[in-house]
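Shown next, in structure tokens, is the structure this report addresses.
Residues take their numbers from the sequence shown, with the count starting at 1.
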Amino acid sequence: MNKRSAAAALLAVVLAVLALAGAGVAAAHATRIATDPAEGAALAQSPQRVSATFSEALQPEFAAMTVVGPDGNLWSTGDPQVQGAVVGVGVRPLGPAGTYTVNYRVTSADGHVVSGSWSFRLTATNTGTPGPPAAAPTGSPDDDGPPVWPFVVAATLIIAGGAWWAARRQT
């Protein structure tokens with residue numbers, strides 16, 4: 001291998017690594033920007049509905065939203081409704097005082113699944129009747145898929161191998 005082809009191969013590898021290292025992961029999916037009731041709110045009476053507003057329109061398919069009470073039972077009722085950037089669900093008249101957690105899972109306009117939760121407190125016991133016990137959550141709300149770094153390493157090795165092979169052919 002002569003000096004010129006070795007330098008060209010090295011330059012190709014360096015440029016490939018720099019290009020791949022500088023490539024960021026797209027993160028243009030919806031983010032929650034508001035909730036009703038507000039996160040951490042203390043309420044004396046049951047809300048009739050809970051909702052979350054996102055930074056972009058949501059796909060109405062596959063939306064999920066539940067309200068789980070301090071007793072571990074479901075207090076939401078009906079299917080969640082998506083209207084533009086807002087998803088909401090009806091709430092039964094609440095029962096025991098304590099913390100109620102709203103869990104959601106929606107699909108943003110770009111197809112990215114967004115999930116999370118927020119809580120509010122009921123300060124006085126009411127006489128509402130709960131729904132069935134809440135199912136145990138599955139998956140992690142922070143799970144955004146596989147890590148990117150193995151793909152960057154594989155792409156770098158492929159490009160380096162191609163540059164090495166091209167340099168070897170010229171000699």
Side-chain angles (χ1 to χ4, degrees), residues 17-156:
V17 169
L18 290 175
L20 290 172
V25 177
H29 51 273
T31 56
R32 190 182 80 204
I33 57 175
T35 61
D36 184 23
E39 187 163 1
L43 307 176
Q45 296 182 4
S46 302
Q48 292 184 345
R49 180 175 177 76
V50 296
S51 64
T53 303
F54 290 82
S55 59
E56 66 180 53
L58 304 171
Q59 295 183 18
E61 299 83 18
F62 311 114
M65 183 174 265
T66 60
V67 178
V68 180
D71 56 357
N73 290 318
L74 286 176
W75 290 88
S76 48
T77 183
D79 292 327
Q81 301 297 313
V82 175
Q83 295 178 343
V86 178
V87 60
V89 69
V91 178
R92 304 168 186 273
L94 298 180
T99 300
Y100 287 77
T101 302
V102 182
N103 301 296
Y104 61 87
R105 185 172 178 91
V106 296
T107 305
S108 63
D110 67 359
H112 189 91
V113 175
V114 179
S115 59
S117 63
W118 82 92
S119 299
F120 63 90
R121 257 182 332 108
L122 184 65
T123 58
T125 299
N126 289 308
T127 59
T129 303
T138 58
S140 167
D142 296 327
D143 184 16
D144 283 335
V148 175
W149 71 264
F151 298 103
V152 172
V153 169
T156 302

Roughly how far, to the nearest 0.5 Å, is [atom2] of [Y] from [atom1] of [X]?
X: Tyr104; Y: Leu58; atom1: OH; atom2: CG; result: 10.5 Å
X: Arg49; Y: Ser76; atom1: CZ; atom2: OG; result: 11.5 Å
X: Met65; Y: Ser51; atom1: CE; atom2: OG; result: 7.0 Å
X: Trp75; Y: Thr66; atom1: CH2; atom2: OG1; result: 14.0 Å
X: Leu94; Y: Thr129; atom1: CG; atom2: OG1; result: 11.5 Å
X: Leu122; Y: Thr125; atom1: CG; atom2: OG1; result: 7.0 Å

Minimum heavy-atom separation for [X] and [Y], please, with both atom names.
X: Val114; Y: Ala30; result: CG2-O, 3.5 Å
X: Pro80; Y: Ala64; result: CG-CA, 3.8 Å
X: Pro47; Y: Val91; result: O-CB, 3.5 Å
X: Ala97; Y: Ala124; result: CB-C, 3.9 Å

Self-check item: Main-chain N/O of Thr31 paired with Ser55 side-chain donor or acceptor, under 3.5 Å
Solution: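 Between the backbone of Thr31 and the side chain of Ser55 there is a qualifying donor-acceptor contact (under 3.5 Å).
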Quiz prompt | CD (Glu61) with more than 12 external heavy atoms under 6.0 Å | solution =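 Enclosed: over 12 neighbouring heavy atoms sit under 6.0 Å from CD of Glu61.
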Could you list the donor-acceptor pairs under 3.5 angstrom formed by side chains in residues 36-44, with sequence neighbours left out?
from, atom 1, to, atom 2, distance (Å)
Glu39, OE1, Arg32, NH2, 3.0

Quiz item: Can you find a pair of side-chain heavy atoms, one from Asn103 and one from Ser117, that are under 4.5 Å apart?
Solution: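 Side chain of Asn103 against side chain of Ser117, heavy atoms only: contact under 4.5 Å found.
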